[in-house]
Amino acid sequence: MKISTWNVNSVRARIDNVLEYIKLNKPDILLLQEIKTINETFPYEAFKKAGYISYVNGQKSYNGVAILSKTKLKNIETTLRGDKIKQARIIACDFEYKKKNIKIINIYLPNGNPIDTDKFFYKMNWIKLLINKLKLEIKKNKLVLVGGDFNIIPKEIDVYNYKNFINDAVFRIDVRNKFDEIIKIGFVDSLRIFNKKEKSYTYWDYMSGAWPKNNGLRIDHFLASNDLISLIKNVEIKKSIRNQIKPSDHVPLECFFI
DNA sequence: ATGGCAGAACATTTCTGA
């Protein structure tokens, strides 16, 4: 069983890439971020033909998240309690695996740049609301998986040159402290259980030759609750996807279950 | 210091992203 997450930077512009990824890698569940479309123009049919049901929380032009699944999912949720700005950045569901219920939460966390603007304050508040939600979820469901584009570089090792990012909203110390706060309430940065290597990036900017120079960032994550991590046997970054024609600037992250 | 690239839309320019 495999769950993947991928910021596709427009699902319609990337439809061929996503269909090819599905065909070759066969995730049971695929979490998508930055679909950049309203629900009405989401390519449900193309994914249905590929064997997937789509659950969508869309928005015009920006943001938007979706969950593709081979089987029906329950308790679809598309709001973050307390978020007054209501951008489409979260979709959650319940998934039954080996007779156990896993709460899966797909997020596209605000980027927050430039720092110390409304965008930054929105990011910090959004994380605070997410932490409130995760505290509740972990009480109700011991098995919780949070996947998606966190727009947070957890540690210095997770970026090609951390000194360039000291005052960036994806790395500033207060943002990283918030990430650590999520860990402290009972989650694990699952990739790092299986892969301690530097240069394990999930995003490369389109600009300035970031990809050929391997100037990457690790900002896409699967956080597993402490009780869930024992069900996970591996987490992998699908780096080769960045070589696609017309690629997304992010690559998929795959979480394998025992 | 700042542009470079990419996608969407009230579109041939502006905005957003990270």
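What you see below is based on every heavy atom in this structure, not just the backbone, and it leaves out hydrogens, waters and symmetry mates. Just so you know, these numbers come straight off a predicted model, no measurement behind them. So you know, we letter chains A, B, ... as the sequences are listed, proteins then strands, and number each from 1.
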For this session: Take atom C1' in B:dT12 and the same atom in B:dA1, then report the distance between them in whole Å.
Result: 29 Å

Problem set entry | The single option from A:Asn151, A:Asn9, A:Asn7, A:Thr5 passing side chain to side chain donor-acceptor pair (under 3.5 Å) against A:Gln33 | A:Thr5

Problem set entry | Distance, rounded to the nearest Å, where A:Asn215 contributes CG and B:dC5 contributes C1' | 15 Å

Problem set entry | Nearest-Å distance for atom pair CD/C1', residues A:Glu34 and B:dA6 | 11 Å

Exercise. So, is A:Arg12 close to the B:dA9 phosphate, meaning a side-chain N or O under 4.0 Å from OP1 or OP2?
Worked result: yes

Problem set entry | d(NZ, A:Lys246; P, B:dC5) in whole Å | 16 Å

Exercise. More than 12 non-hydrogen atoms from neighbouring residues, nucleotides or ligands closer than 6.0 Å to NZ on A:Lys70, yes or no?
Worked result: yes

Exercise. Any chance NZ of A:Lys155 has more than 12 other-residue heavy atoms, nucleotides or ligands included, within less than 6.0 Å?
Worked result: no

Seminar exercise, completed: Atom CD of A:Gln33 and atom C1' of B:dA18 are separated, to the nearest Å, by 14 Å

Exercise. Is the phosphate of B:dA18, meaning OP1 or OP2, less than 4.0 Å from a side-chain N or O of A:Asn151?
Worked result: yes

Exercise. To the nearest angstrom, how far is A:His221 atom NE2 from B:dA18 atom P?
Worked result: 13 Å

Exercise. A:Leu217 side chain: which of B:dA18, B:dG7, B:dG3 is closest?
Worked result: B:dA18

For this session: For A:Ile15 and B:dG7, give me the distance from atom CD1 to atom P, rounded to whole Å.
Result: 14 Å

Exercise. Counting any heavy atom closer than 4.0 Å, what does A:Lys119 reach on the DNA or RNA strands: base, sugar-phosphate only, or nothing?
Worked result: sugar-phosphate

Problem set entry | Between A:Tyr201 and A:Tyr160, ring centroids under 6.0 Å | no

For this session: Describe the nucleic acid contact of A:Phe150 in one word from base, sugar-phosphate, nothing, applying a heavy-atom distance below 4.0 Å.
Result: nothing

For this session: Output yes when at least one side-chain N/O atom of A:Lys36 is less than 4.0 Å from OP1 or OP2 of B:dG17, else no.
Result: no

Seminar exercise, completed: The answer to which of A:Met207 and A:Ser61 contacts DNA chain B further toward the 5' end, by nearest nucleotide, is A:Met207

Exercise. For A:Tyr206 and A:Arg89, take the nucleotide of DNA chain B holding the closest heavy atom to each; which residue's nucleotide lies nearer the 5' end?
Worked result: A:Tyr206

For this session: For the residue pair A:Phe171 and A:Tyr162, categorise the inter-ring angle as parallel (less than 30°), tilted (30 to 60°) or perpendicular (more than 60°).
Result: tilted

For this session: With C1' as the reference atom in both, quote the distance from B:dT2 to B:dA18 in angstrom, rounded to an integer.
Result: 15 Å

Exercise. In whole Å, what separates the C1' atom of B:dT16 from that of B:dA11?
Worked result: 15 Å

Problem set entry | side-chain N/O A:Tyr203 vs B:dA6 OP1/OP2, d < 4.0 Å | no

For this session: Give a yes/no on whether any side-chain N or O of A:Arg14 is located under 4.0 angstrom from OP1 or OP2 of B:dG7.
Result: yes

Problem set entry | Touch class at under 4.0 angstrom, heavy-atom based, for A:Asn63 against every strand present | nothing

For this session: Using the P atom as the reference point in each nucleotide, state the distance between B:dT14 and B:dC10 in Å, no decimals.
Result: 16 Å

For this session: Could you check how far OH of A:Tyr62 sits from C1' of B:dC10, rounded to whole Å?
Result: 12 Å

Exercise. Pick from A:Lys133, A:Lys135, A:Lys139: which one makes a salt bridge (charged side-chain N to carboxylate O under 4.0 Å, His left out) with A:Glu137?
Worked result: A:Lys133

For this session: Using whole Å, report how far CD of A:Gln87 lies from P of B:dT16.
Result: 10 Å

